[in-house]
Amino acid sequence: MRTREIIAFFALIALILLAKYVLPHPMQFSPTLSLIIIILLSLTFIIIGVLTLQGKFVERRIVFIYVGAALTLPFFMQIELEVPISPEVQSAYDQIESLNPGSKILAAFDYDPPSAPELQPMADAFMKYCFHKGIKVIIMGLWPQGPQQAGQSVEAAFEDDPALRDKIRYGVDYVNLGFQSGNEFVILRMGESFKAMFPADIYGTPYDSIPILRNVKNYSNIDYCMNFSAGKPGTQEWVQGAVDRFGLKLSAGNTAVQAPMIYPYLQAGQLDGLMGGMAGAAEFEKLTGYKDKATTFIKSQSFAHIVVIVFIIIGNMAFLRGKTERKVK
Amino acid sequence: MSWEQTFGIWLAAAFTLGIVSFLYRDNIFYKVCEAIFVGSSAGYWFVTYFWDNLYRKFYLQAFDPVSPHIAPWVGFILGVLMLTRLFGAKIAWLSRWPLAFIIGATAGVYMMFYFVSNAMLQIGASIKPVFVGSFGDIVSNVLIAAGTFCGLVYFFFSKEHKGVFGGAARVGIWFLMVTFGASFGYTVMSRMSLMLGRLDFLFGDWLRLIS
């Protein structure tokens with residue numbers, strides 16, 4: 001380890017101790033301070049641009065620091081960002097909104113903790129909205145950790161409104177059927193019998209003794225389906241196995257990586273609505289009125305996008321400069 | 001907060017910083033964190049599949065004291081046959097049977113899935129009247145029609161890409177590039193979201209600087 005790396009290591013420790021024991025908790029920047037920080041960062045971009053034109057290129061770690069700062073600083077800034085609603089998120093919301101109290105919705109949680117930053121906010125907003133509207137939720141997962149993520153959403157709804165703890169009863173207003181392995185084969189089999197794939201819920205209660213599942217044999221007894229998906233098995237398999245084969249009505253919340261592959265299904269009408277990535281989550285939070293993490297995160301993401309765009313411009317400036325130099329030589 | 005939770009949060013924070021330290025350069029902290037992550041993930045999946053498949057789907061059903069099922073034994077035997085390739089070339093050929101079953105079943109299901117959902121319904125959705133609806137709809141319909149046609153032309157290799165045909169193929173490439181660009185943009189978004197999740201943990205759960 002070089003000397004400067006040892007110094008950097010101890011500087012990091014000092015920063016952590018400072019943040020942990022000296023700085024105010026929670027820490028917030030006033031709008032004026034936020035504006036000053038933004039202006040200062042913009043000025044440094046100009047300096048980097050000028051240096052680049054002079055042939056003094058910044059190293060990649062500087063780019064990492066800027067992206068890191070763009071992601072972090074908005075956590076502390078008291079600024080509001082307008083979140084326009086896209087038609088696909090509006091459509092997903094409208095479908096759930098049109099359900100009557102007492103309707104049964106199948107919620108498939110097909111993701112794990114790594115995808116939670118994008119999908120958990122939309123799942124939380126969905127669960128809060130359903131519980132407040134009196135929609136009954138049947139939870140399941142084709143990913144092992146999916147039902148646990150659903151449990152977190154239920155807990156988030158109860159923490160948001162403690163009155164729901166008394167109002168919403170497990171087994172009557174919602175049920176967690178747990179995880180079932182088998183990917184698309186589970187979806188196909190559920191088209192004939194839910195019970196065949198989930199003979200008991202996550203706690204081992206037999207299917208027939210759960211009140212919410214009485215009269216629920218297959219997809220024909222479900223009013224709507226919402227899928228939160230981070231990959232395979234996920235939305236694509238639900239469209240192929242349940243929508244196109246059994247006529248299930250479906251909307252989905254996807255990670256941003258997956259969303260472009262799902263858009264063709266939306267365009268073809270195989271999918272009613274789609275929430276793509278953090279932007280989709282922020283829009284859904286706005287529509288449901290349960291603004292939470294996605295509304296905060298989207299600010300960071302927008303700032304980081306600006307930083308990336310600026311560095312793409314700076315990178316092209318460096319490229320064009322190199323091209324001109326080569327021509328001169 | 002209990003000391004177990006506090007310890008867990010500090011440990012998770014240390015691992016997060018260890019993984020992020022790779023951005024500076026490859027180092028021993030990163031390697032340790034990566035190895036622990038890979039090992040614990042492998043262990044987690046082994047335990048999950050053991051209890052879900054071997055115990056719940058096979059053992060509980062095959063040895064049900066009231067009504068033992070026979071069907072799980074078929075899967076069990078196929079699974080055991082898969083392992084025969086570990087015991088020499090003489091019996092390794094038996095592993096082809098479960099593989100044949102898996103490939104056959106998967107191909108059958110996927111053929112149906114993709115033919116209906118990704119071929120017929122997608123083609124049906126692409127064939128629609130162009131000049132209907134608002135101006136925006138018309139532009140969108142024209143783009144879909146032109147993009148589909150030019151994209152297909154690009155992948156038609158029985159004729160040399162020259163003249164009008166070559167021009168259409170070039171437009172097809174542009175549509176493909178825009179698609180890849182959108183996909184890449186979404187991927188960048190997703191990666192930033194992952195980082196946001198960790199930053200939220202570091203500044204929220206760990207340092208408590210955000211509420």
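For the numbers below, each heavy atom of this structure counts, side chains included, while hydrogens, waters and symmetry mates do not. Residue numbering restarts at 1 for every chain, and letters A, B, ... go by the order of the sequence lines.
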What part of [X] lies closer than 4.5 angstrom to a heavy atom of chain B: side chain, backbone, both or neither?
{"X": "A:Ala304", "value": "both"}
{"X": "A:Pro24", "value": "backbone"}
{"X": "A:Ala279", "value": "both"}
{"X": "A:Ile16", "value": "both"}
{"X": "A:Gln270", "value": "side chain"}
{"X": "A:Phe64", "value": "side chain"}
{"X": "A:Val243", "value": "neither"}
{"X": "A:Tyr265", "value": "both"}
{"X": "A:Gln236", "value": "side chain"}

Next item on the list: Take the angle between the ring planes of B:Tyr49 and A:Phe179 and call it parallel below 30°, perpendicular above 60°, tilted in between.
Entry: perpendicular
Margin query: Ring-plane angle category for A:Phe9 and B:Phe29, please: parallel below 30°, perpendicular beyond 60°, tilted otherwise.
Written below: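 Taking B:Phe29 first and then A:Phe9, their aromatic rings lie parallel (interplane angle under 30°).
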Flag the one option from [options] with the top tally of heavy-atom pairs under 4.5 Å to chain A.
{"options": "B:Val20, B:Leu207, B:Thr187", "value": "B:Leu207"}
{"options": "B:Thr179, B:Val116, B:Val109", "value": "B:Val109"}
{"options": "B:Tyr44, B:Trp45, B:Tyr24", "value": "B:Tyr24"}
{"options": "B:Phe203, B:Tyr186, B:Phe201, B:Phe184", "value": "B:Tyr186"}

For the interface with chain B, which of [options] has the highest count of heavy-atom pairs at distances below 4.5 Å?
{"options": "A:Tyr21, A:Phe185, A:Phe297", "value": "A:Phe297"}
{"options": "A:Pro26, A:Pro117, A:Gly68, A:Ala256", "value": "A:Ala256"}
{"options": "A:Gln145, A:Arg60, A:Gln120", "value": "A:Gln145"}
{"options": "A:Met278, A:Gln258, A:Gln301", "value": "A:Gln301"}

Would you indicate whether [X], at its atom [atom1], is surrounded by more than 12 heavy atoms from other residues, nucleotides or ligands within a distance under 6.0 Å?
{"X": "A:Lys299", "atom1": "NZ", "answer": "yes"}
{"X": "B:Phe149", "atom1": "CZ", "answer": "no"}
{"X": "B:Phe7", "atom1": "CZ", "answer": "no"}
{"X": "B:Tyr59", "atom1": "OH", "answer": "no"}
{"X": "B:Trp174", "atom1": "CH2", "answer": "no"}
{"X": "A:Lys232", "atom1": "NZ", "answer": "yes"}
{"X": "B:Phe165", "atom1": "CZ", "answer": "yes"}
{"X": "B:Ile70", "atom1": "CD1", "answer": "no"}

Against chain A, label [X] side chain, backbone, both or neither, depending on which of its atoms sit under 4.5 Å from a heavy atom there.
{"X": "B:Leu202", "result": "neither"}
{"X": "B:Met189", "result": "both"}
{"X": "B:Asn27", "result": "neither"}

Margin query: Before you tell me yes or no, could you show the steps for B:Ile210 and A:Met27 under side chain to side chain contact (heavy atoms under 4.5 Å, CB included), namely the whole-Å CA-CA distance, both residues' side-chain angles and the distance that decides it to 0.1 Å?
Written below: CA-CA 6 Å; B:Ile210 49 176; A:Met27 191 171 73; over 6 Å; no
How long is the gap from [atom1] on [X] to [atom2] on [Y], to the nearest 0.5 Å?
{"X": "A:Ile187", "Y": "B:Phe113", "atom1": "CD1", "atom2": "CZ", "answer": "6.5 Å"}
{"X": "B:Arg191", "Y": "A:Thr255", "atom1": "CZ", "atom2": "OG1", "answer": "8.5 Å"}
{"X": "A:Ile13", "Y": "B:Leu17", "atom1": "CD1", "atom2": "CG", "answer": "8.5 Å"}
{"X": "B:Lys57", "Y": "A:Ser181", "atom1": "NZ", "atom2": "OG", "answer": "2.5 Å"}
{"X": "A:Leu71", "Y": "B:Leu199", "atom1": "CG", "atom2": "CG", "answer": "6.0 Å"}
{"X": "A:Trp143", "Y": "B:Thr48", "atom1": "CH2", "atom2": "OG1", "answer": "13.0 Å"}

Close side-chain approach of [X] and [Y], heavy atoms under 4.5 Å:
{"X": "A:Arg61", "Y": "B:Leu23", "answer": "no"}
{"X": "B:Met195", "Y": "A:Val67", "answer": "no"}
{"X": "B:Leu209", "Y": "A:His25", "answer": "yes"}
{"X": "B:Leu196", "Y": "A:Phe75", "answer": "yes"}

Check: For B:Thr16, which residues count as a side-chain hydrogen bond (donor to acceptor under 3.5 Å, both in side chains) partner, sequence neighbours excluded?
Finding: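 Applying side-chain hydrogen bond (donor to acceptor under 3.5 Å, both in side chains) to B:Thr16 gives B:Arg198.
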Next item on the list: Run the numbers on B:Gln122 and A:Gln267 for side-chain hydrogen bond (donor to acceptor under 3.5 Å, both in side chains), then give the verdict.
Entry: CA-CA 9 Å; B:Gln122 288 295 318; A:Gln267 192 85 19; over 6 Å; no
Check: So, does A:Lys20 use its side chain to make a donor-acceptor pair with the main chain of B:Trp206 at under 3.5 Å?
Finding: yes
Next item on the list: Carefully, step by step, assess A:Gln180 and B:Asp52 under the rule side chain to side chain contact (heavy atoms under 4.5 Å, CB included).
Entry: CA-CA 8 Å; A:Gln180 180 59 276; B:Asp52 190 72; 4.1 Å; yes
